[in-house]
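Each remark here refers to the structure printed beneath this line.
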Amino acid sequence: MEGQIITSENIYTTPVLKETAEDAYKRLIEPSIEREIRNLLTERASEGAIKVFDANLRQLLLQPPIKDKVVMALDPGYRTGCKTAVVDGTGKVLSTGVIYCTKPHSERKIAESRKIVKDKIEKFNVDIVAIGHGTASRETEAFAADIIKETGRKDLCYAIVNEAGASVYSASKLGAQEFPDFDVSIRSAVSLARRLQDPLAELVKIDPKSIGVGQYQHDMDKKRLDECLGGVVESCVNSVGADLNTASPSLLSYVAGISSAVAKNIIAYREENGKFKNRKGLLKVKKLGPKAYEQCAGFLRITDGDEILDNTGVHPESYGAAREILKKISASDDDIRHNRVKNIHKLINVGRTAKELEIGEPTLRDILSELEKPGRDPRDDMPKPILKSDVLTMDDLKEGMVLKGTVRNVIDFGCFVDIGVHQDGLVHISQISNKYIKHPLEAVKLGDIVDVKVLSVDKEKGRISLTMKI
């Protein structure tokens, strides 16, 4: 600055100009530049954190469901006891209660709890025990593992379920509306069981920020974060689709073209008139006009209706084209219903058929895929959650031991992996891949089932260091 403003030496003006330059820089220019750079870096960091949150939330919502299984949830607790809930394959609550299966409760109470759980497993023919991963989880896991051994059933197992946000849902207005007769803690147990059965349907009831799969979320622009996460939930719901006859108002409200008010109207119509027989029935719902129908119809499924194509992602406006394709390959509705339409892409010339039917090639390919796999759930292709029948503790861990685990969170410096010992282990970014990666999301995503090797165990600090370089 001095070099620019002092063009020649002058014993009277030079000191004043130097002083002016120094004052201007220190008092005005430097703080301004610092603020500008800090804002730029904060914005860049915020966008990076939102991307991580976006990727983690998407993977969490798209975790594969465990369908048609009777689940008993155990929501662990010490003094207040362990809340239990049994739900059938459709998510209907069969039984709830509270047991006292951990210390400081007496051996007599623990023995009583053991009998209650065994009786419920037998009475309702429970397939899986879902255990929340919070306080007293390890002790409850040991309790459940012992009971599974005692039953002698090879098909009975348990799974650890991430309970982040369950308490938020149970204390919410939505939770109170859904289960007005249940205590807050019991609602939480029901949510855990249903979360294992269908993560997407249950997690859409919770504010995405409360699910706990992000980083620095409280420092981010709230509006920008809400927009991003809302878009992620909507994208996931629409990619999976929703069953029109079983979906909750929360799930329906994320379907394109359906607002919260219209979702409630759909539920009201369903309760008054019974199950929807076809997609056209949507046009009878209050405030759901032709435009909204056009937007939402392709994302809603009807599994046992009058029109077999209603159980596919084919939009009603493309039903004519789908019927023509079925004629070409001599397939009937029965063939679709029983999943007998195979290798359709090899039987149809995409380019020629698209011209004949006057539709785009991408649309035609989508129709062919849907006819091959009606009612297809894209989540079914993903690795299923790890189901266990025995417990592992930190004392069992030894350096060099190779284990299977589930990625529970991905952050900028690595990922946390649940290996079944209550404490998640950290895989540092340098230990994720044999090749150089800029960010862990290049190699892993939330919900991945991965093989890890134990590098070190610090029992005092409760830290486990893992590597995926095996």
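Because only heavy atoms are used, hydrogens play no part in the values below, and waters and symmetry mates are left out as well, while side chains stay in.
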Looking at residues at least two apart in the chain, or sitting in another chain, which of them share a ring pair (Phe, Tyr, Trp, His ring centres under 6.0 Å) with Tyr100?
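Residues passing ring pair (Phe, Tyr, Trp, His ring centres under 6.0 Å) with Tyr100: His105.
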Short side-chain to backbone donor-acceptor contact, [X] and [Y], under 3.5 Å:
X: Ser46; Y: Thr42; value: no
X: Glu372; Y: Val341; value: no
X: Asn56; Y: Val410; value: yes
X: His338; Y: Arg340; value: no
X: His315; Y: Ala297; value: no
X: Ser259; Y: Val262; value: yes
X: Arg195; Y: Asn162; value: yes

Quick check: closest heavy atoms across [X] and [Y], and the distance to 0.1 Å?
X: Glu163; Y: Pro76; value: OE1-CD, 4.1 Å
X: Thr84; Y: Leu74; value: CG2-CD2, 3.6 Å
X: Gly77; Y: Thr102; value: O-OG1, 3.5 Å
X: Gly414; Y: Ile432; value: CA-CD1, 4.2 Å
X: Asp88; Y: Gln197; value: O-NE2, 2.7 Å
X: Arg279; Y: Val314; value: NH1-O, 2.7 Å

Legend entry - Stepwise side chain to side chain contact (heavy atoms under 4.5 Å, CB included) check, His133 with Arg408: CA-CA 11 Å; His133 81 318; Arg408 289 292 181 209; over 6 Å; no
Is it true that [X] and [Y] have a side-chain N and a carboxylate O under 4.0 angstrom from each other?
X: Lys118; Y: Glu122; value: no
X: Lys445; Y: Asp448; value: yes
X: Asp306; Y: Lys277; value: no
X: Arg108; Y: Glu112; value: yes
X: Glu178; Y: Arg187; value: no
X: Glu307; Y: Lys280; value: no
X: Asp310; Y: Arg301; value: no
X: Arg379; Y: Asp198; value: yes

Residues forming a salt bridge (Lys or Arg N to Asp or Glu O under 4.0 Å) with Lys275, sequence neighbours excluded: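 Salt bridge (Lys or Arg N to Asp or Glu O under 4.0 Å) list for Lys275, sorted by chain: Asp304.
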task: Give every residue pair that meets the ring-ring contact (aromatic ring centres under 6.0 Å, His included) criterion with at least one member in residues 168-207, sequence neighbours excluded.
output: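 Only Phe179-Phe182 qualify under ring-ring contact (aromatic ring centres under 6.0 Å, His included).
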**Request:** Give every residue pair that meets the ring-ring contact (aromatic ring centres under 6.0 Å, His included) criterion with at least one member in residues 235-280, sequence neighbours excluded.
**Result:**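 Pairs touching residues 235-280 that pass the test: Tyr269-Phe276.
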**Asked** How far apart are the C-alpha atoms of Leu252 and Leu300, what are their side-chain angles, what is the distance that settles it, and do they pass the side chain to side chain contact (heavy atoms under 4.5 Å, CB included) test?
**Response** CA-CA 9 Å; Leu252 288 172; Leu300 297 167; 3.8 Å; yes
inquiry  = Would you say Asp366 and Thr363 are linked by a side-chain donor-acceptor pair, where the criterion is simply a distance under 3.5 Å?
reply    =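 Note: Thr363 and Asp366 side chains miss the donor-acceptor criterion.
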Original post:
For residues Ser188 and Lys83, is any side-chain donor paired with an opposing acceptor at under 3.5 Å?
Top reply: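 Result is no, nothing qualifies.
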Note to self: Does anything in residues 227-252 form a side-chain hydrogen bond (donor to acceptor under 3.5 Å, both in side chains)? List the pairs, not counting sequence neighbours.
What the structure shows: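 Counting only pairs at least two positions apart or across chains, the side-chain hydrogen bond (donor to acceptor under 3.5 Å, both in side chains) contacts touching residues 227-252 are Arg58-Ser235.
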Taking only residues two or more places apart in sequence, or in another chain, which ones meet Asp334 in a side chain to side chain donor-acceptor pair (under 3.5 Å)?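 Listed in chain order: Arg337.
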Practice prompt. Apply side chain to side chain contact (heavy atoms under 4.5 Å, CB included) to Val93 and Ile186, showing your working.
Written response: CA-CA 11 Å; Val93 181; Ile186 296 295; over 6 Å; no
- Output the distance between atom CZ (Arg194) and atom OG1 (Thr90), rounded to the nearest 0.5 Å.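 Reported to 0.5 Å precision, the distance equals 8.5 Å.
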| Given the rule in the side chain to side chain contact (heavy atoms under 4.5 Å, CB included) test, do Ile344 and Ile325 qualify, once you have shown the distances and angles that lead to the verdict? | CA-CA 9 Å; Ile344 193 169; Ile325 292 164; 3.9 Å; yes
